[in-house]
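Structure record follows, encoded as structure tokens.
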Amino acid sequence: MAETVENATVKVESKPVAEQPKRWADEADEETPEEPSASSTSEDKGAEELGVENLAIDEEKKKINKFLDEPEDSNIKAVTTGDTPYTSASRFEDLNLSEELLKGLYVEMKFHKPSKIQAISLPMILTPPYKDLIAQAHNGSGKTTCFVLGMLSRVDPNVKAPQAICICPTRELAIQNLEVLRKMGKHTGITSEGAIPMDSTNSIPISKRAPIMAQIVIGTPGTIKKWMSAKKLGVSSVKILVFDEADHMLAEDGFKDDSLRIMKDIERISSHCQVLLFSATFNEIVKNFVLRVVKRDHNQLFVKKEELKLESVKQFKVYVPEELSKVLVVKERILELGENLGQTIIFVRTRNGASLLHKSLVELGYEVTTIVGSLRQEERDKIVKEFKDGLTQVLISTDVLARGFDQQQVNLVINYDLPIKHDRPSEPDYEVYLHRVGRAGRFGRKGAVFNLLFGDRDQMVMEKIETHFSVTVEEIPDWKSEKDFKGALRSAGLL
DNA sequence: AAAAAAC
């Protein structure tokens, strides 16, 4: 009951309604609360229902935390091992944060209260004995705040040495996380540094640099590894190690080797290092591996894959008669209609595809920018900055931006190509699909995804995606009909 | 017939 009152006060804001970001906290008000009986079942029964029996945790110590004070948490399942009790934090004040950090949260970040995942995970992160944590939560639900706040809070401001390291899959994500960290930690005086590849022109080789003194380091695996082996990044004081997009960081075809190497090197030198693994996705294979990577006594938060889709983002599919028709759909339907709907990201499968689409749209008179990993570093930074500053409306991207990229004005995502497994092109890459969808609808905002489909393979891949996430993706009957597209945007709440 | 990082 207290929740309701609090939410009501939270909603008072001076911003005009149209601009006001929709928060998960608001979304929760509209959900039907979980039936009381469901949360009062015995623990054993609860464990079965939650599907934790196949998780590699100490059976004797297994314990389910239901967080009864947060009924809207019904779709995040918490499993703790050991006897440490955790209480969900309904307010940031419940977390013993410093005044400086609270100021960062309220004044700089303009947060009111923890989101679901923050309420559950932060006590787990911040309570001794600082157990490892594997945390899954919806796209745009505020995972970054969990680990950034975790790092800022656990760092001792008086120790002038690296104490927290965060590893991300792309330089864009590392930069973004560093920006969040600096904003949130503005009043704390805690120092930070980005360990990301630089253009050779304006960078000093690491061998000639002084050792890193920053208290928090956020970067990409290659550069972190390089700094460590060059003995410029000392890890003896590191007490918290974060993997953002952890499923990808520990996937066989991701950064598994680098990540394990870094983790082992740190844990060998720094004895009590807490490891945090965050992502919106953990497929079964990665999940099973990840559970073996963390220490025996750890905490877990997972979401069922059927519940991962974002309710606020409506998905559509449209069949086109030939591959080339996709350009026309983008141009004549989506871009012309989408002009005033916020920003758009168009995902393509290959760098070459990105370049071809870019040329076509520019020839047709559209202003678009394109980002791929092969661009020069400063060029990448410029394109991302322009998009984040709202100077560009439409961004073509490979999967370099599929994960984590946070731009609240993105309302439209176009899958120009569906994400597929590179070794089995008839198999969708479900995780990438979900991450791409998650670029729209940040923090519960409205959004739409258009999947452009050509041929039997696309149809099959799309069907598999629908089955996997138990979602029906509405078909737009006629790719040439402006009316159909308008109807779609209207039903997505964008028009 | 991939993208990412970085060698």
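Just so we're on the same page: letters track the sequence lines, and every chain starts at 1.
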Polar side chain donor-acceptor pair, A/H248 to A/S279, under 3.5 angstrom: no
Atom NZ of A/K295: over 12 foreign heavy atoms under 6.0 Å: yes
NZ or CZ of A/K464 within 45° of A/Y433 ring axis and under 6.0 Å: no
Stacked cation flag A/K326 on A/F454, 6.0 angstrom / 45 deg: no
Identify every side-chain donor-acceptor pair in residues 364-371 of chain A under 3.5 Å, counting partners at least two apart or on other chains, and give the distances.
| from | atom 1 | to | atom 2 | distance (Å) |
| --- | --- | --- | --- | --- |
| A/Y366 | OH | A/K331 | O | 3.4 |
| A/Y366 | OH | A/E336 | OE2 | 2.7 |
| A/T370 | OG1 | A/H358 | ND1 | 2.5 |

Sequence-aligned protein contact record of nucleotides 2-7 of chain B, with B where the base is within under 4.0 Å of a protein heavy atom and S where only the sugar-phosphate is: BBBSSS
